[in-house]
Amino acid sequence: MPELPEVESIVQELRPCLRGLVPIQIICHKEKFLHTEQPLPNVLNHPITDISRRGKLILVWTSPFVWLIHLKMTGQLWWQPSNAPLPPHTHLIVLFKNTHYQLRYADLRQFGSWQIVPKKNLSQVPFLQKLGPDALTIAPSILKQRLQNKHTAIKSLLLNQQCLAGLGNIYSDEALWLARIHPLTPAYVLNQIQIKRLALAIQKVLKYALKLGGTSIRSYIQPNGQKGLYQRHLHVYGKKGLPCQRCGTAIERTKICGRSSYFCPVCQQL
DNA sequence: CCCTACACCTGGCGGC
DNA sequence: TGCCGCCAGGTGTAGG
Ligand SMILES: [Zn+2]
C-alpha cells in the first residue's frame, strides 16, 4: 500500500499522539507479525520519545529500543479508542498507560511486520544498512551519482530501495511522466538535464502527495481512518488507455521488474 | 552484477 | 450465480 508520502503522513499524524506515552502491553495472536529477541516485559514500559521514517520504514523510538514497522502492501496503523470496533484483519494492538487510545496494526495480505531491536543494534539491521538516500529531498547531484554507469532501466532503479529510498510503483511512474523519461531508459544514457528534471520531479510529486495525505486507491488509510486525496491528481498510474494529460496520446502499460508500468509513448520516448 | 520467477497472503473485479 | 484468471501501493530469495 504505502510509499513514502503515505508513510510520512502516518508518522506526522502519530507523532503528537504517541510522544511521551508508555506502552504497557502488546496483544499479538500470530507470532509472524512481531519479531523481537527480547522478552516483551523488557521492551515495554519505556516512554516513546519520537516516531520517524526512513524510506518506507517507520521507526518508533524509546530510550533502549527502536520499533521498526514495515507496512509492505496492505499494512495499516490505526489510532483509536479501545471501544472503537477493531478494523478488519487487525493483528497487533498496543495498549498505553493513562489512555484508552490504542495503536492497532491491520494487514489484509499479511506481508508487513514489526521488529523490535535494541538501539545499539540498529546499525546492524540489513534493510537499514542497505537503504539508499531518502527520495523526499533527493538532490540532482546525489541522484546523478546513484545512477552513474548503471545500464539498468531507470524504473527498476527507482523501485530499488538501495538506490533511492521511498519510491514505489505509483510515484516512480508519476515522476518519470513528469520528467518525460521512458521507464525503460538505461540510466547511463540520461544526461545532466534529464537527471535534474527527474530529481525535481521526484521531490515535487512526493511533496504534493504528502500535502494531500497520500494516495488512497485500495487500502491506504490514515491512522484516524481518513483517506488521502492524491489519487485525484495521478497522471499515469492506473490510466491505461486514457489520454495523456499533456499530449492526448493513450497511456500504455507494460511490465517492468514484474510490476505494471504506465507511461505516455509520445512524451516519454526511448 | 542484473534479470526473471516466485514466495509470502487475501480479496476485488471482469469474463464466461 | 459460480468459478477462473488476473490484478494489487513491497521485499527477499533462488537460479540463469
Ligand atoms: Zn503525452
Side-chain angles (χ1 to χ4, degrees), chain A residues 1-10 29-35 53-58 68-77 87-92 105-115 125-132 135-136 146-177 183-188 202 205-206 208-210 212-222 227-241 253-262:
Chain A
M1 153 183 66
E3 303 179 33
L4 188 152
E6 290 76 31
V7 175
E8 180 62 26
S9 203
I10 291 168
H29 296 298
K30 271 195 202 158
E31 286 179 25
K32 69 168 181 172
F33 293 107
L34 183 57
H35 305 284
R53 174 193 65 75
R54 281 195 57 191
K56 301 171 192 166
L57 187 69
I58 297 169
L68 306 178
I69 302 176
H70 204 306
L71 305 173
K72 295 280 179 80
M73 293 287 267
T74 52
Q76 300 174 328
L77 287 173
H89 311 285
T90 297
H91 302 297
L92 296 172
Y105 178 72
D107 191 346
L108 183 150
R109 293 180 70 184
Q110 307 185 14
F111 294 162
S113 64
W114 294 25
Q115 185 185 2
V125 174
F127 182 80
L128 278 170
Q129 271 179 348
K130 293 182 283 183
L131 210 54
L136 189 60
R146 305 301 288 178
L147 302 182
Q148 207 118 57
N149 301 325
K150 302 274 189 188
H151 285 235
T152 308
I154 184 65
K155 165 83 187 260
S156 102
L157 288 173
L158 294 184
L159 287 177
N160 183 341
Q161 303 300 296
Q162 299 166 31
C163 175
L164 183 67
L167 286 184
N169 207 29
I170 295 180
Y171 297 110
S172 52
D173 278 2
E174 292 296 317
L176 287 168
W177 180 84
L184 285 174
T185 312
Y188 78 99
I202 290 169
V205 69
L206 293 179
Y208 191 20
L210 171 60
L212 295 188
T215 301
S216 292
I217 295 176
R218 283 164 212 92
S219 61
Y220 169 64
I221 210 81
Q222 290 165 309
K227 291 182 172 182
L229 297 174
Y230 194 71
Q231 60 278 11
R232 301 178 188 174
H233 299 265
L234 295 173
H235 292 105
V236 281
Y237 180 81
K239 306 282 185 193
K240 182 184 169 188
R253 183 176 76 175
T254 185
K255 214 81 166 171
I256 302 171
C257 272
R259 322 286 304 274
S260 286
S261 266
Y262 300 88

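Here is how names work: the chains are called A, B, and so on, in the same order as the sequence lines, proteins then strands, and each is numbered from 1.
Side-chain atoms of A/R259 and base atoms of C/dA8 include no donor and acceptor less than 3.5 Å apart.
As rounded to whole Å, 13 Å separates atom C1' of C/dG10 from atom NZ of A/K155. The CG-C1' distance, from A/L159 to C/dA8, rounds to 14 Å in whole Å. Look at OH on A/Y262: it is 9 Å from C1' on C/dC7, rounded to the nearest Å. Atom CD of A/Q76 is separated from atom C1' of B/dC9 by 15 Å (rounded to the nearest Å). Distance NE2 (A/H151) to C1' (B/dC1): 11 Å, rounded to an integer number of Å. Distance, A/K130 NZ to B/dC1 P: 12 Å, rounded to whole Å. The distance between atom CG of A/D107 and atom C1' of B/dC8, rounded to the nearest whole Å, is 11 Å.
For the OP1/OP2 pair of C/dG10 and a distance below 4.0 Å, the side-chain nitrogens and oxygens of A/K56 include at least one atom meeting the criterion. Contact annotation: A/H70 does not reach the phosphate of C/dG10 (side-chain N/O to OP1 or OP2, under 4.0 Å). Between A/Q161 and C/dT11 there is a side-chain polar atom (N or O) within less than 4.0 angstrom of OP1 or OP2. Put simply, A/K72 has no side-chain N or O that comes within less than 4.0 Å of OP1 or OP2 on C/dA8. Look at A/T152 and you'll find a side-chain N or O under 4.0 angstrom from OP1 or OP2 of B/dC3. Distances shown here put every side-chain N or O of A/T74 at or beyond 4.0 Å from the OP1 or OP2 atom of C/dA8. Contact annotation: A/H89 side-chain N/O to B/dG11 OP1/OP2 distance is under 4.0 Å.
Side chain to side chain, A/K155 and A/N169 meet the donor-acceptor criterion of an N or O pair below 3.5 Å.
One P atom belongs to B/dA5, the other to C/dC6, and the distance between them is 14 Å to the nearest Å. Comparing B/dC6 with C/dG5, their P atoms sit 15 Å apart, to the nearest whole Å.
Nucleic acid contact for A/K150: sugar-phosphate only, since backbone atoms but no base atoms lie under 4.0 Å from a heavy atom of the residue. A/F127 comes within 4.0 angstrom of the backbone, heavy atoms only, and of no base. Residue contacts shown for A/K30 are absent, as no nucleic acid heavy atom lies under 4.0 Å away.
Using cut-offs of 30° and 60° on the angle between ring planes, the pair A/H233 and A/Y230 is parallel.
The aromatic ring centroids of A/F127 and A/H70 lie less than 6.0 Å from each other.
A stacked arrangement is not assigned to A/F111 and the six-membered base ring of B/dC9, the conditions of a centre distance below 5.5 Å and an interplanar angle below 30° not being jointly met.
When distances are taken from the side chain of A/L108 to each of C/dG10, B/dG11, C/dC7, the shortest belongs to B/dG11.
Ion pair A/K72/A/D107 not flagged as a salt bridge, since none of the NZ, NE, NH1 or NH2 atoms sits closer than 4.0 Å to an Asp/Glu carboxylate oxygen.
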